[in-house]
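Just so it is clear: chains get the letters A, B, ... in the order the sequence lines come, proteins before strands, and each one is counted from 1.
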Amino acid sequence: DTAVSQTPKYLVTQMGNDKSIKCEQNLGHDTMYWYKQDSKKFLKIMFSYNNKELIINETVPNRFSPKSPDKAHLNLHINSLELGDSAVYFCASSQREASETQYFGPGTRLLVL
Amino acid sequence: GNSVTQMEGPVTLSEEAFLTINCTYTATGYPSLFWYVQYPGEGLQLLLKATKADDKGSNKGFEATYRKETTSFHLEKGSVQVSDSAVYFCAIYNFNKFYFGSGTKLNVKP
């Protein structure tokens, strides 16, 4: 009965590859987010979608492309992976836009070699 | 700008010891303040929050008070248990975005 789930949990890949991380929430929420936890452990917002529409897009390389096929899913596709993309990526959801009550997934640990 | 600074870990305590994890923030405007906890293999979970000055958030024996004058939101617990072992994140919510600290790992030994 996981509220926010992510797949895969771990992802090891070579530089230059393209990979996707999937996120699903079963809470019926309208808004979903992607956060990146960098090497210094800070979590920073990357994107947020409300009802499948992009509402926050921080300064993120355009190699990162979020895709929301429906309200319950927000996938993150990364092209031409670089060493600096190695991080833990967290998905989150909230009932509505601009809500401070967010529910987080367990994270996906990405390692680019 | 907006940022959060919390004490570096790991913090190692014996069961029933007193816990303090310091957190200070800088912010424009009037943020809401949060503590999140991440247990091994799980996502971040909201532990407690406070939305205005002098408010005290509390949950599961943990407490933190919104101190506007010192821009702080220190987490305390009077008697920790082994099951409290986790990573604790301080965060502010300001202008529709979260800003997180770097997390403090707590190890509680029996």
Side-chain angles (χ1 to χ4, degrees), chain A residues 1-10 21-27 29-50 54-60 74 87-109, chain B residues 1-11 21-27 29-52 55 57 59 64 66 73 86-107:
Chain A
D1 285 17
T2 307
V4 182
S5 59
Q6 297 178 226
T7 53
K9 270 194 166 178
Y10 301 96
I21 305 171
K22 297 187 176 182
C23 178
E24 177 180 1
Q25 54 95 3
N26 62 7
L27 298 167
H29 287 169
D30 285 346
T31 308
M32 296 184 72
Y33 310 80
W34 277 109
Y35 289 83
K36 179 181 180 181
Q37 185 178 36
D38 61 25
S39 57
K40 294 184 180 178
K41 305 299 183 186
F42 289 98
L43 271 90
K44 294 179 183 174
I45 183 77
M46 299 173 69
F47 302 101
S48 93
Y49 270 70
N50 186 60
L54 181 66
I55 52 172
I56 292 178
N57 184 355
E58 291 296 293
T59 308
V60 175
L74 181 62
V88 182
Y89 293 85
F90 287 94
C91 179
S93 73
S94 63
Q95 191 159 16
R96 53 176 172 78
E97 187 181 341
S99 170
E100 59 185 36
T101 303
Q102 297 182 15
Y103 295 80
F104 285 80
T108 295
R109 190 174 294 274
Chain B
N2 298 281
S3 66
V4 176
T5 303
Q6 60 183 107
M7 61 190 287
E8 287 197 25
V11 173
I21 301 178
N22 290 336
C23 171
T24 56
Y25 66 91
T26 57
Y30 206 153
S32 296
L33 309 182
F34 296 79
W35 278 99
Y36 277 85
V37 58
Q38 185 180 25
Y39 298 103
E42 299 183 16
L44 280 75
Q45 301 173 26
L46 177 63
L47 180 60
L48 53 86
K49 70 175 189 180
T51 56
K52 60 182 190 296
D55 264 5
N59 186 24
Y66 193 141
F73 194 53
V87 181
Y88 292 82
F89 291 89
C90 184
I92 65 173
Y93 189 80
N94 204 16
F95 297 109
N96 300 333
K97 288 182 190 173
F98 269 113
Y99 299 86
F100 286 88
S102 56
T104 302
K105 186 170 185 179
L106 171 66
N107 295 317

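Between Ser3(B) and Thr26(B), the side chains place a donor N or O and an acceptor N or O closer than 3.5 Å (distance only, hydrogens not considered). A donor-acceptor contact under 3.5 angstrom links the side chains of Asn2(B) and Asn94(B), judged on distance only.
For the pair Gln6(A)/Trp34(A), a side-chain contact is recorded, criterion being any heavy-atom separation below 4.5 Å from C-beta on. Within the 4.5 Å cutoff, no side-chain heavy atoms of Leu47(B) are placed close to those of Phe89(B). Looking at Tyr93(B) and Lys49(B), their side chains never come closer than 4.5 Å, going by heavy atoms from C-beta outward. The shortest distance between side-chain heavy atoms of Ile45(A) and Tyr33(A) falls below 4.5 Å.
Neither the backbone nor the side chain of Leu46(B) has a heavy atom closer than 4.5 Å to any heavy atom of chain A. Heavy atoms of Lys40(A) lying under 4.5 Å from chain B belong exclusively to its backbone. Using a 4.5 Å cut-off between heavy atoms, Tyr36(B) touches chain A through its side chain atoms alone. Only the backbone of Val4(B) has a heavy atom closer than 4.5 Å to any heavy atom of chain A. Interface residue Glu58(A): only side-chain heavy atoms are found under 4.5 Å from chain B. Contact annotation for Gln38(B): only side-chain heavy atoms (C-beta onward) come within less than 4.5 Å of a heavy atom of chain A.
The six-membered or imidazole ring of Phe34(B) lies away from that of Phe73(B), with a centre-to-centre distance of 6.0 Å or more.
To the nearest 0.5 Å, the span separating CD1 on Ile21(A) from OG1 on Thr108(A) amounts to 4.5 Å.
Taking the six-membered ring for Trp and thresholds of 30 and 60 degrees, Phe100(B) and Tyr35(A) have ring planes more than 60 degrees apart, a perpendicular arrangement.
Within residues 89-101 of chain A, the residues that have a heavy atom under 4.5 Å from a heavy atom of chain B are Phe90(A), Ala98(A), Ser99(A), Glu100(A), Thr101(A), listed by number.
Chain A forms the most heavy-atom pairs under 4.5 Å with one residue out of Ser32(B), Gly103(B), Gly43(B), and that residue is Gly43(B).
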